[in-house]
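Quick note: numbers below take in every heavy atom, side chains included, and nothing from hydrogens, waters or symmetry partners.
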Amino acid sequence: MIQRIQTVYLLLAAVVMAVCLMNPIGTWQPDALEGNTDLFNLCVVAPDGARSFTTWPLFAVLLVACTLSVVNIFLFKNRKLQMKVCNVGVILCVLWMIALVVIAYLNEPEGFKFYPSFYIALPVVAVILLFMARARIHHDEKLVRAADRIR
């Protein structure tokens with residue numbers, strides 16, 4: 001039954017993660033009057049336009065979480081597996097947040113300060129949506145078990 005509310009939650013979680021993948025998640029601003037360095041999930045863009053792909057783990061983790069959320073929609077016949085995939089998606093989003101802290105604050109260049117953007121909160125929204133989807137899947141599983149007992 002693909003037309004359930006958890007499908008909407010999983011699709012919204014995938015969209016939210018995809019939006020986070022494509023937008024800058026923060027900026028390093030220098031103390032002096034130099035240009036800003038933008039932090040994306042895939043690369044760091046220096047003020048002169050040079051790109052450094054040292055942040056690719058952020059991109060990889062969020063891309064896998066986004067893909068799992070989309071694939072999870074089509075696992076509607078196996079609700080137990082669907083709940084496990086939701087848990088994996090939550091774990092991947094938490095790993096993304098931890099990796100972001102490590103990259104943004106521990107690798108901060110000297111004389112720069114990190115300013116996160118709005119898009120940094122989107123994986124938190126995705127975690128909430130994944131929890132809501134898991135709760136609805138669990139509810140469906142309980143309904144199916146109850147119907148089986150009645151037969």
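Considering I25, L95, L42 in turn, I25 is the only one that fulfils the side-chain contact (heavy atoms from CB on, under 4.5 Å) rule with L58. For the pairing with D140, the salt bridge (Lys or Arg N to Asp or Glu O under 4.0 Å) check across R145, K80, K77, R4 returns one residue only, R4.
Side-chain contact check for P47 versus T37: some heavy-atom pair is nearer than 4.5 Å. Side-chain contact between S117 and N23 is absent, with no heavy-atom pair separated by less than 4.5 Å. With contacts defined as side-chain heavy-atom distances shorter than 4.5 Å, the pair M132/I5 does not qualify. Side-chain contact between Y9 and R136 is present, with heavy atoms from C-beta onward closer than 4.5 Å.
At distances below 3.5 Å, at least one donor-acceptor pair connects side-chain atoms of S69 with backbone N or O atoms of L10. Judged by distance alone, the side chain of T55 and the main-chain N or O of C43 form a donor-acceptor pair under 3.5 Å. Judged by distance alone, with hydrogens and angles left aside, the side-chain atoms of T67 form a donor-acceptor pair with the main-chain N or O of L63 at under 3.5 Å. Looking only at distances, a side-chain donor or acceptor of Q82 sits under 3.5 Å from a matching main-chain atom of N72.
Two different hydrophobic clusters hold L143 and L75 under the rule that ILVMFWY side chains link at heavy-atom gaps under 4.5 Å. Residues L21 and L11 share a hydrophobic cluster, clusters being chains of Ile/Leu/Val/Met/Phe/Trp/Tyr side chains in contact below 4.5 Å. Hydrophobic clustering (ILVMFWY, side-chain heavy atoms < 4.5 Å, transitive): V61 and Y105 are in one cluster. Both I103 and V44 sit in one connected hydrophobic cluster of ILVMFWY residues. Membership requires side-chain heavy atoms under 4.5 Å apart, directly or through other members.
The shortest non-hydrogen separation linking Q6 to A133 is CB-O, 3.8 Å.
In this structure, I137 shares a hydrophobic cluster with M83, the cluster being traced through Ile, Leu, Val, Met, Phe, Trp and Tyr side chains under 4.5 angstrom apart.
Applying the side chain to side chain donor-acceptor pair (under 3.5 Å) test to residues at least two apart or on different chains, the pairs with a partner in residues 83-99 are N41-W96, N87-R134.
Atom CG of L39 sits about 5.0 Å away from atom CZ of F114, to the nearest 0.5 Å.
The environment of CZ in F112 is crowded: more than 12 heavy-atom neighbours from other residues, nucleotides or ligands sit within 6.0 Å.
The salt bridge (Lys or Arg N to Asp or Glu O under 4.0 Å) check on R79 picks up E141, with sequence neighbours excluded.
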